[in-house]
Amino acid sequence: MKRNRNFSLLLFVVFLGILFITFSVISVEARKYRVKKSKPHKHQNDRNGNGNRNSPGPAPAPLPHYPTRSTIFDVMSFGAKGDGVSDDSKAIIAAWKAACKVSGATIEIPSNFQFFLKPITLQGPCMPNLVLQIDGTLLAPPNVGSWPKSSLFQWINFKWVQNFTIKGTGIVDGQGYSWWKYSSIYFLQKNSKHIPDMKPTALRFYSSYDVTVRDIKITNSPQCHLKFDSSRGIKVDNITISSPESSPNTDGIHLQNTQDVEIHNSNFGCGDDCVSIQTGCSNVHIHHINCGPGHGISIGGLGKDKTVACVSNIIVEDISIQNSLTGVRIKTWQGGIGSVKNVSFLNVQVSDVKIPIMIDQFYCDKKFCKNQTGAVGIRGVKYDRIIGTYSVQPIHLVCSNEIPCTDVDLIDIQLKPSPGYRGFHQALCWNTYGKSQAPLLPSSIDYCLGKNGDPVKRIEKSHEHVC
Ligand SMILES: *[C@@H]1O[C@H](CO)[C@@H](O)[C@H](O)[C@H]1NC(C)=O
Ligand SMILES: *[C@@H]1O[C@H](CO)[C@@H](O)[C@H](O)[C@H]1NC(C)=O
Ligand SMILES: *[C@@H]1O[C@H](CO)[C@@H](O)[C@H](O)[C@H]1NC(C)=O
Ligand SMILES: *[C@@H]1O[C@H](CO)[C@@H](O)[C@H](O)[C@H]1NC(C)=O
């Protein structure tokens with residue numbers, strides 16, 4: 001009997017033990033739950049701007065689900081005001097820094113707010129699949145005087161980012177009006193000492209990889225709207241870039257030293273090139289875009305001040321260009337070295353373009369440039385199905401005196417004068433070699449190209465091997 005009683009006592013002790021452990025676990029869980037669920041509530045209150053943090057009030061009702069760790073970083077939760085006047089730069093940088101540490105995070109710039117930002121740098125490397133969701137409006141400093149003198153290169157600088165996406169229905173507004181008027185001749189004469197030499201680009205990517213920019217609108221940049229510099233693996237899809245036709249030097253997209261690029265389904269209308277391709281670019285595919293007004297699609301100017309320029313493997317296809325100075329253009333300065341090779345312009349619709357097809361190896365941005373020997377060599381440029389209307393000259397292919405352009409092919413070119421214009425120039429080819437294939441309109445295109453150049457001499461002179 002004694003053994004039996006001892007056994008009952010043991011059972012009772014074990015039972016008490018289990019009871020104690022269970023209770024402890026439950027209370028710890030309950031504490032955890034309270035801590036976690038309170039966070040998203042604070043978040044929401046902050047975002048709506050009516051969080052009454054000082055009133056004690058009743059405890060919030062429990063959430064139906066156990067909340068998981070949030071990957072949305074709303075700039076409002078980081079102190080952004082969104083009133084278009086307060087400086088929200090710090091809030092955006094803080095949201096970026098927090099999101100950067102989390103895989104698959106989204107930084108949210110909410111709609112119906114305007115965020116005034118000074119020049120900022122958003123720096124990586126970050127965890128993969130970071131998204132900047134721009135649904136509201138970003139505003140740059142509106143006056144030249146309010147730009148910090150040390151940050152004239154760009155407004156928003158993305159540096160060392162990888163596997164990163166910008167998207168959203170929002171607007172990036174460079175508010176460039178005060179910069180544009182600084183370029184007028186009147187201003188140059190009256191106030192030349194106040195003009196900064198450099199004008200900011202709106203969005204710039206530097207040394208970045210696997211970047212997508214989609215859906216957003218970029219407008220009124222002081223100078224270039226979207227620049228990729230020393231980057232690789234770039235996709236631009238469904239964006240709109242616009243600034244007034246009279247705004248000087250406002251390129252749409254500027255590519256420099258950047259490879260593996262696709263730009264498509266987008267609309268460009270600004271004061272300069274829709275897309276400008278500079279030295280160090282290769283494997284660039286531009287298609288299904290609408291361009292104009294402005295200066296069309298340009299490769300160059302290359303080789304300024306006897307510099308090296310290398311551009312290769314460019315395809316521009318299925319695009320339309322209207323109301324522009326030039327259509328598809330390659331421009332190089334006299335005296336440069338290097339090469340432009342393997343470029344195709346396919347299925348380009350032009351409408352009221354002054355000069356639809358242009359190679360200019362005497363490019364000069366002022367009244368007079370000194371003659372130089374040598375040039376960036378141009379080889380392997382195909383124009384196939386360039387159709388529409390021009391208002392000054394259908395074709396202007398002017399290559400360097402020492403280094404002819406070779407393998408320049410003109411296939412199915414049908415260019416008619418724009419209605420209402422008079423006094424057109426004939427197709428012009430200078431030191432340009434290649435083949436042409438009907439249909440060709442105007443018929444002067446047929447005997448424009450030379451039939452053979454001297455490729456060996458050409459390559460030696462252009463120092464093409466530097467590329
Ligand atoms: C990031 O990497 C993932 C996984 O490899 C890929 O699916 C996604 O397209 C990448 N995003 C960008 C912007 O390159
Ligand atoms: C293109 O972007 C706009 C927002 O600017 C969006 O409403 C639309 O759905 C996008 N289209 C596609 C095909 O993604
Ligand atoms: C020319 O460029 C295209 C597009 O980038 C590429 O697919 C092709 O291989 C290149 N051709 C040569 C001969 O390099
Ligand atoms: C430069 O070269 C062009 C063409 O060879 C010639 O017509 C022009 O007079 C030259 N200009 C100068 C300043 O030497």
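Worth knowing before you read on, the calculation uses all heavy atoms, side chains too, and leaves out hydrogens, waters and symmetry mates. If you read the sequence from its start, that first residue is 1, and numbering goes on from there. Counting convention: from 1, in listed order, for ligands and their atoms alike.
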Those atoms of ligand 1 less than 4.0 Å from some heavy atom in [X]:
X	answer
Phe164	13 (C)
Thr165	13 (C)
Thr212	13 (C)

> For the residue pair His287 and His285, does the interplanar ring angle fall in the parallel (under 30°), tilted (30 to 60°) or perpendicular (over 60°) class?
Replying inline: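 Taking His285 first and then His287, their aromatic rings lie parallel (interplane angle under 30°).
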>> Classify the ring geometry of Trp147 against Trp179: parallel below 30°, tilted from 30° to 60°, perpendicular beyond 60°.
In response: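 Trp147 vs Trp179 ring planes: perpendicular.
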>> If I apply the N/O under 3.5 Å rule, does Asn163 come out as touching ligand 1?
In response: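 Between Asn163 and ligand 1 (N or O atoms, distance only) the closest approach is under 3.5 Å.
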Charged N to carboxylate O under 4.0 angstrom, [X] versus [Y]?
X	Y	value
Lys81	Asp88	no
Arg385	Asp412	yes
Lys435	Asp407	no
Asp409	Lys382	no

> Got a sec, which pairs hit side-chain hydrogen bond (donor to acceptor under 3.5 Å, both in side chains) with one end in residues 89-107, sequence neighbours left out?
Replying inline: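 Checked against side-chain hydrogen bond (donor to acceptor under 3.5 Å, both in side chains) - neighbours excluded - the pairs reaching residues 89-107 are Asp87-Ser89.
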With a cut-off of 3.5 Å and sequence neighbours excluded, list every side-chain donor-acceptor pair involving residues 299-313.
residue	atom	partner	partner atom	Å
Thr307	OG1	Lys304	N	3.3
Thr307	OG1	Lys304	O	2.7
Asn313	OD1	Asn342	ND2	2.7

>> Applying side chain to side chain donor-acceptor pair (under 3.5 Å), can you list everything that pairs with Gln175, at least two apart in sequence or on another chain?
In response: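 Partners of Gln175 under the side chain to side chain donor-acceptor pair (under 3.5 Å) test: none.
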>> Strictly under 4.0 angstrom, heavy-atom based: which residues surround ligand 2?
In response: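 Near ligand 2, by chain and number: Thr169, Arg214, Asp215, Asn238.
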> Between Ile315 and ligand 3, which part of the residue brings a heavy atom under 4.0 Å of the ligand: side chain, backbone, both or neither?
Replying inline: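 The side chain, only.
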> Numbering the atoms of ligand 3 from 1, which are under 4.0 Å from a heavy atom of Asn283?
Replying inline: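 Those atoms are 5 (O).
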